[in-house]
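Everything on this sheet refers to the single structure shown next.
Order of appearance sets the numbers: ligands from 1, and atoms from 1 within every ligand.
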Amino acid sequence: MTKSSYIHLNSDALRNNIAFLKRKYGKKVRISSVVKANAYGHGIEEMVPLLEKQGIDHFSVFDFSEAIRVQKSLRKPASIMIMGWISDSDIDNAIERGLEFFIFNQSRLKKALSYAKVIGKKAKIHLEVETGMNRSGIDLSELNEVIQFILENHNYIEVSGFCTHLAGAESIGNHKRIMNQLKKYKSMLKKAEEMGLEIGLRHVANSAASLVYPKTRFDLVRVGILQYGFWPSMEVFIHYTSDKVNKEDPLNRILSWKSKIMSIKEVKTGEFIGYGISFLAQSKVKTALVPVGYSGGYSRSLSNKGRVIINGNRCGVIGVVNMNMIIVDITNVDNAKIGDEVVLIGKQEDIEIKVKSFSDYSDMLNYEILAHMPTNIERKVIY
Ligand SMILES: *Cc1c(COP(=O)(O)O)cnc(C)c1O
């Protein structure tokens, strides 16, 4: 271990999760594996080959640079879909490389056409329509014009998909809004088909919608968080288990994050530990120094609250999280020594520190914590 912490990825857990999703969606629905934000912190280069092994041949990313990383990690041809950002100067590159991308406004469409003409290759686009999230997408009022434009330029534009994004399917409070979005999507779809547009794959659902609203699955689901073994929200988990006898979580977490004890110290009663005065030793305390801090993704809001596992014992973070280190209480761990494994997220023996527990203490979403996983540390796949 040259870096101060490392990430392990459990390939059996991924196999379990993808098998669960395939069973759930059935054979007719294709899965697009969402690997944006460095595969939700897991690592694009490690996750893509593992996902390929599970039969995944469609990947979704946010931007062009992630798409290139996916393409370089692939062993077989697969579809790569860019849902968000491509700079104007990369559009020709994207078309050249056969990358698919969302068209969310007319200016993007016109640029795609002009580059496709220059290169002499079709741009593979996914037409994103605005159905009520009011973030991005073609409005109903311009749909006619846009479709006409595509039909006239079908030699240079191939529609690989017709899609929209739902504004919060993970919360029942948004039910009505989601239903309205679905209705609007269907009517825009109908219009496109009536005008004779070949629309490719119809796709709407993310993880939450794919489970809570099965009708949103259409031809393809864009699944992110579930494949990594996390639920989009507690509500979605409860929704899933509500009609099951077995209430156990069918998903397994893939990622664990670990470090090692760097130093050990005994502190006398009445001393403050770490910066400032936020932790006072009320009795004799034995501490371990762990070389992970907020610069490496261990949130400062876990100061005096976070937990780690050392030698099968849960240990609390003492004082404030430093830039590169935390101090943990090992008073009750008899056999701890320098170099022992420290589990920041994951399991040791029968104790587990969940990403969820991070978010309980820190007000961050699972999504946010995963996305903040350090990028520059070693990821090892455990088979
Ligand atoms: C991130 C994203 C998804 C996947 O979301 P999950 O909740 O992780 O499944 C799907 N579609 C779009 C447009 C996204 O940006």
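Remark: ligand 1 atoms within the under-4.0 Å shell around heavy atoms of I225 are 6 (P), 8 (O), 9 (O). Per-residue contacts place Y367 under 4.0 angstrom from the following atoms of ligand 1 (heavy atoms of the residue considered): 6 (P), 7 (O), 8 (O).
The protein heavy-atom contact nearest to atom 9 (O) of ligand 1 is S207 OG, 2.5 Å. Among protein heavy atoms, the minimum distance from atom 8 (O) of ligand 1 is reached at Y40 OH, 2.5 Å. With hydrogens left out, the protein atom closest to atom 14 (C) of ligand 1 is K36 NZ, 3.0 Å, a heavy atom. Ranking protein heavy atoms by distance to atom 11 (N) of ligand 1, first place goes to R222 NE, 2.8 Å.
A donor and an acceptor atom, one from each side chain of D340 and N311, are located under 3.5 Å apart.
For T164 (side chain) and V129 (main-chain N/O), a donor-acceptor pair under 3.5 Å exists by modelled atom type.
Between H203 and F102, the angle of the ring planes lies from 30° to 60°, which puts this pair in the tilted group. Below 30°, between 30° and 60°, or above 60°: for F162 and Y185 the angle between ring planes is between 30° and 60°, a tilted geometry.
At least one N/O-N/O distance between G224 and ligand 1 falls below 3.5 Å.
Ring centroid separation for the pair F64 and F101 does not come in under the 6.0 Å cut-off.
In this structure, R253 pairs ionically with E352, as a charged nitrogen and a carboxylate oxygen lie closer than 4.0 Å.
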